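One structure is given here, and the rest of the page talks about it.
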Amino acid sequence: MRDRTDEPRPLTLPLLLRRGVTVRCPLCGGRGLFRRWFTMVDRCPRCRLRTERIEGHWLGSLGMNTIVSFTAVVIAMVVGFLLAYPDGSLTAAVVFVVATAVIVPIAFFPVSKTLWSAIDLAMRPLEPDDDVDPRWIPPVSRHEA
Ligand SMILES: [Zn+2]
């Protein structure tokens, strides 16, 4: 959503993270970055921000997804153990842990991509090479350019 004024909002870290967590474009807040669950478009349909800004861009999202998934598996193991101990079903606990290990990385995949893009934009502000729609260049980046 654009503000009442014509200026795009300054890209503060909370705004970037909120857009990342809600699978929106970190620059303009637009949707439509995914064609399918695993297929991302090359550029944001609204502001033209490239989704893969540099080669190796997605290593960060891969790392984040791995950390989140392993954390979820460890939590699932603890919960599964507590539910199974001492007389519960070990099979149910194992199924719970395996289901967590399969579902969490898939479910978190789009969020890991947009959240990493938001963190990347916080660490590496827009550059002329990004070639975005100038209407979406935030005030701070415009002054730095
Ligand atoms: Zn955008």
Side-chain angles (χ1 to χ4, degrees), residues 1-84 89 91-145:
M1 290 294 282
R2 298 298 297 259
D3 288 332
R4 278 165 271 130
T5 64
D6 213 25
E7 288 280 302
R9 296 167 68 179
L11 295 177
T12 61
L13 188 59
L15 176 68
L16 285 168
L17 294 179
R18 192 168 53 245
R19 286 176 174 174
V21 167
T22 54
V23 194
R24 292 172 183 265
C25 170
L27 181 60
C28 72
R31 290 190 174 277
L33 297 180
F34 285 86
R35 254 183 254 123
R36 296 195 190 110
W37 195 261
F38 295 109
T39 311
M40 209 168 188
V41 296
D42 292 335
R43 286 181 178 267
C44 171
R46 189 152 81 157
C47 70
R48 297 189 318 149
L49 176 70
R50 269 185 315 214
T51 49
E52 186 174 2
R53 291 178 69 200
I54 56 168
E55 201 175 314
H57 176 86
W58 298 124
L59 276 177
S61 70
L62 179 68
M64 237 172 25
N65 201 347
T66 303
I67 291 168
V68 166
S69 299
F70 272 78
T71 302
V73 167
V74 168
I75 291 170
M77 287 170 70
V78 170
V79 169
F81 173 78
L82 291 176
L83 293 177
S89 165
T91 304
V94 170
V95 168
F96 178 61
V97 171
V98 170
T100 301
V102 171
I103 292 169
V104 170
I106 292 171
F108 189 65
F109 183 83
V111 177
S112 73
K113 291 268 194 174
T114 52
L115 187 56
W116 179 252
S117 290
I119 292 169
D120 178 66
L121 193 57
M123 293 189 300
R124 290 187 317 112
L126 283 177
E127 296 164 0
D129 281 354
D130 284 309
D131 189 32
V132 299
D133 184 336
R135 290 174 300 167
W136 289 103
I137 297 175
V140 174
S141 295
R142 192 174 293 146
H143 292 308
E144 284 174 353

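Index from 1, following the sequence. Atoms within a ligand are numbered from 1 in the order they appear, just like the ligands themselves. The model shown is predicted, which means the values in this text are computed figures rather than measured ones.
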Using 4.0 Å as the upper bound for N to carboxylate O, is an ion pair formed by D42 and R50?
no

Please check this pair: side chain of W116 against backbone of H57, looking for a donor-acceptor N/O pair closer than 3.5 Å.
yes

Work out how many protein N, O or S atoms lie closer to the Zn ion (ligand 1) than 2.8 Å.
4

Sorted by chain and number, sequence neighbours left out, side chain to side chain contact (heavy atoms under 4.5 Å, CB included) with A93 holds for A84

Evaluate the criterion side-chain contact (heavy atoms from CB on, under 4.5 Å) for residue pair L115 and L17; output intermediate values, then yes/no.
CA-CA 6 Å; L115 187 56; L17 294 179; 3.9 Å; yes

If we check side-chain hydrogen bond (donor to acceptor under 3.5 Å, both in side chains) with D130, which of these qualifies: R48, R53, R43?
R53

Rounded distance [0.5 Å steps], OG in S69 versus CE in M64:
10.5 Å

